[in-house]
Amino acid sequence: MKKVFKVEDLDCAHCAALIEEGVKKIPGVQNASLNFIAQRLNVEAEEADFPEIMKQIKKTAKKIEPDCSIIF
């Protein structure tokens with residue numbers, strides 16, 4: 001299943017790339033892409049895995065860009 005999330009307060013394309021790579025490494029994530037210009041994060045994973053994946057996405061984003069918010 002593919003889900004799209006809004007990203008807020010992401011100030012730098014380099015940080016966006018780091019967050020994208022971090023999300024791709026989360027167990028259960030099949031694919032991820034973060035569009036810096038559109039401020040959108042696309043994530044593909046099994047629907048049953050999304051509750052835990054969403055927690056890990058927030059943790060990953062905050063570690064790289066503390067001011068960044070992922071809106072679920």
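In this text the structure is predicted, and so the values were computed from the model without any measurement.
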Does the [X] side chain pair with the main chain of [Y], one donor and one acceptor, at a distance under 3.5 Å?
X	Y	answer
Glu65	Lys62	no
Lys6	Phe72	no
Glu20	Ser33	no

Which atom of [X] lies closest to which atom of [Y], heavy atoms considered:
X	Y	result
Ile19	Thr60	O-CG2, 4.4 Å
Pro27	Ile53	O-CG1, 3.9 Å
Ile70	Ala61	CG1-CB, 4.0 Å

For this session: Please assess Phe36 against Leu10 for the test side-chain contact (heavy atoms from CB on, under 4.5 Å), listing each intermediate value before the final yes or no.
Result: CA-CA 8 Å; Phe36 174 68; Leu10 184 58; 4.1 Å; yes
What is the distance from atom [atom1] of [X] to atom [atom2] of [Y], rounded to the nearest 0.5 Å?
X	Y	atom1	atom2	answer
Leu41	Lys3	CG	NZ	12.0 Å
Lys2	Glu44	NZ	CD	5.5 Å
Leu18	Cys12	CG	SG	7.5 Å

Exercise. Are Val4 and Val29 connected, step by step, through hydrophobic side chains (Ile, Leu, Val, Met, Phe, Trp, Tyr) whose heavy atoms are closer than 4.5 Å?
Worked result: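 No: no chain of side-chain contacts under 4.5 Å links Val4 to Val29.
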Exercise. Does a sphere of radius 6.0 Å around NZ in Lys24 hold more than 12 heavy atoms from other residues, nucleotides or ligands, not counting ones at 6.0 Å or beyond?
Worked result: yes
Exercise. Just wondering, are more than 12 heavy atoms of other shown residues or ligands nearer than 6.0 Å to NZ in Lys59?
Worked result: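 Counting neighbours around NZ of Lys59, 12 or fewer heavy atoms of other residues, nucleotides or ligands fall under 6.0 Å, so no.
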Exercise. Do Asn42 and Phe5 pass the side-chain contact (heavy atoms from CB on, under 4.5 Å) test, and can you show the C-alpha distance, the side-chain angles, and the key distance before you say yes or no?
Worked result: CA-CA 6 Å; Asn42 298 300; Phe5 304 107; over 6 Å; no
Exercise. Is the closest basic N to carboxylate O distance between Lys25 and Glu21 below 4.0 Å?
Worked result: no
Exercise. For Gln30 and Glu46, what are the C-alpha separation, side-chain angles and deciding distance, and is it a side-chain contact (heavy atoms from CB on, under 4.5 Å)?
Worked result: CA-CA 8 Å; Gln30 297 165 353; Glu46 293 296 323; 3.2 Å; yes
For this session: Apply side-chain contact (heavy atoms from CB on, under 4.5 Å) to the pair Asn35 and Gln39, showing each step before the final yes or no.
Result: CA-CA 6 Å; Asn35 184 314; Gln39 300 281 298; over 6 Å; no
Exercise. Is the closest side-chain heavy-atom distance between Ile71 and Val7 below 4.5 Å?
Worked result: no
